[in-house]
There are 2 protein chains.
Amino acid sequence: MADEEAAREQVVRAADELFYTKGVQAVGMDAVRTAAGVSLKRIYSLFSSKDELVVAVLRHRTAVWDDGIASASERATTARARLLAIFDFLDGWFREPDFRGCAFINTHGELSATSQAVADAVREQKRTFQEYVARLVAELDGPPELAPQIAILAEGAQTTAAIAGTPDAARYARDAVETLLDAKVPASV
Amino acid sequence: MADEEAAREQVVRAADELFYTKGVQAVGMDAVRTAAGVSLKRIYSLFSSKDELVVAVLRHRTAVWDDGIASASERATTARARLLAIFDFLDGWFREPDFRGCAFINTHGELSATSQAVADAVREQKRTFQEYVARLVAELDGPPELAPQIAILAEGAQTTAAIAGTPDAARYARDAVETLLDAKVPASV
DNA sequence: TACAGTAGAGAACGAACGTTCTCCGCGCAA
DNA sequence: TTGCGCGGAGAACGTTCGTTCTCTACTGTA
């Protein structure tokens, strides 16, 4: 555990899994220590507080999410297919047995009132996603307001799937996106 | 404070405001006691645990939500108008200065992993809302899959507005609903 | 071999939590 | 007036939290 970067990743990975499964406030730093196999002193030399660790975990989640979206849209050749691939990605995710909703939404609900840094990290991730959607909509020459509508469907699908405990929302949202695209992007392939 | 029902309501009201503003786990029972003006002993004679109080608060929120939806759709004469009225209601809500997202979604993200009762209460409320939407869609002779799509837009609008801190999502979602209705309910007025 | 310096492990700290307990004061029967 | 029972207030309990501190063991140098 000599390498600082390796220790950071070890801690973030362990904290990510614990926070996502049980919620941030339900997990003590002792549990993170045990799961990561890194001493508390070391953890606090890497992250100045639990809050900072939460932000680091959110940034890690952002990278995982971006990778997932990217690899899901890899096979898609058109912007329209890449938009729909988002919802295929969600469908697969919702079916994973340990799916428990969007970590950003959950953490926001739990901590945004207490921690500005957490609220900012969540907002930043959502903004990045919206920009990604907006870029694809622009490629299709679709109207700009279509992008937030698709993003809202993605957000709603995540919360709905988490609360209902079923993956159906992905398909419903995907169908709605197709309807919106058909209606607002007439020239789409 | 003799009347039991009055004391219950006093406690639930105070807890609701505190939980919604700061999150459930960030609020201690002492703070509820102070805000409600009801002794801890009394609170614990009315609710056997904090968990049960949380469930009571969620039920109270359900009633408030139902009232809001009902009064928003009062002026609407058609099922289509009542569906759109949901998003006008959301728009007004998002503009309130102390709007902090959907209490059900927030509480679910915070506690569903720890408390089955809380998870059930949240799921129940969402199910009721989806049934309300489904009834309106059926009135329009729209396809059944339109209902969950509209519900997903409502959920997504709430989380997006909460995280972004702007009320725009209500209008975007409303426009999307109109597009979906136009595409899928051709005979609508 | 002896010693200085560093880093890890986890005990310890003060605060705050959910919950329970003890005390006090009031209303009422005799 | 006296004794009794009930309910409210909030002190107190055991636990757990985030964070810090202390002690130990090991490394590299002379």
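Computation of the quantities below employed the complete heavy-atom set of this structure, encompassing side-chain atoms and omitting hydrogens, waters and symmetry-equivalent molecules.
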Using a strict heavy-atom distance below 4.0 Å, which residues from residues 23-33 of chain B are in contact with DNA chain C? B/V27, B/G28, B/M29
Output every pair passing ring-ring contact (aromatic ring centres under 6.0 Å, His included) with a member in residues 111-160 of chain B, not counting sequence neighbours, ordered by first then second residue. B/W65-B/F129
Any pair counted as ring-ring contact (aromatic ring centres under 6.0 Å, His included), so long as it reaches residues 140-169 of chain A, sequence neighbours left out: none
Starting at atom CD1 of A/I43, determine the distance to atom C1' of D/dC17, rounded to an integer number of angstrom. 14 Å
Of A/K50 and B/S39, whose nearest nucleotide on DNA chain D comes first from the 5' end? B/S39
Which residues share a side chain to side chain contact (heavy atoms under 4.5 Å, CB included) with B/R100, sequence neighbours left out: A/S112, A/A113, B/Y20, B/N106
A/R42 CZ to D/dT19 C1', straight-line distance once rounded to whole Å: 18 Å
Test of understanding: with side chain to side chain contact (heavy atoms under 4.5 Å, CB included), list the residues that count as partners of A/A31, not counting sequence neighbours. A/L18, A/V27
For A/S49, report the nucleic acid contact type (base, sugar-phosphate, nothing); a contact means any heavy atom under 4.0 Å. sugar-phosphate
Under the salt bridge (Lys or Arg N to Asp or Glu O under 4.0 Å) rule, collect the residues that match up with B/E17, sequence neighbours excluded. none
With a 3.5 Å distance limit and no angle check, can you tell me whether A/E110 reaches the backbone of A/V24 through a side-chain donor-acceptor pair? yes
Please list, chain by chain and in numerical order, all residues satisfying side chain to side chain contact (heavy atoms under 4.5 Å, CB included) with B/E178, sequence neighbours excluded. B/R80, B/L84, B/R174, B/D175
Spacing of A/E52 atom CD relative to D/dT19 atom P, expressed in whole Å: 10 Å
What pairs with B/E74 under side chain to side chain contact (heavy atoms under 4.5 Å, CB included), at least two apart in sequence or on another chain? none
Nearest-Å distance, CG (A/L46) to C1' (C/dA7)? 12 Å
Mind listing the closest non-hydrogen atom pair of A/F87 and A/I150 along with its distance? CZ-O, 3.8 Å
Under 3.5 Å, which donor-acceptor pairs link side chains of residues 89-96 of chain B to any protein atom two or more places apart or in another chain?
residue	atom	partner	partner atom	Å
B/D91	OD1	B/R95	NH2	3.4
B/D91	OD2	B/R95	NE	2.7
B/D91	OD2	B/R95	NH2	3.4

Letter by letter from the 5' end, nucleotides 20-25 of chain C scores (B base, S sugar-phosphate only, - none; protein heavy atoms under 4.0 Å) BBB---
My understanding is that only residues two or more places apart in sequence, or in another chain, count here; which of them pass side chain to side chain donor-acceptor pair (under 3.5 Å) with A/S48? A/E52
Rounded to 10°, the helix from C/dT1-D/dA30 to C/dA30-D/dT1 deviates from straight, judged by its five-pair end axes, by 30°
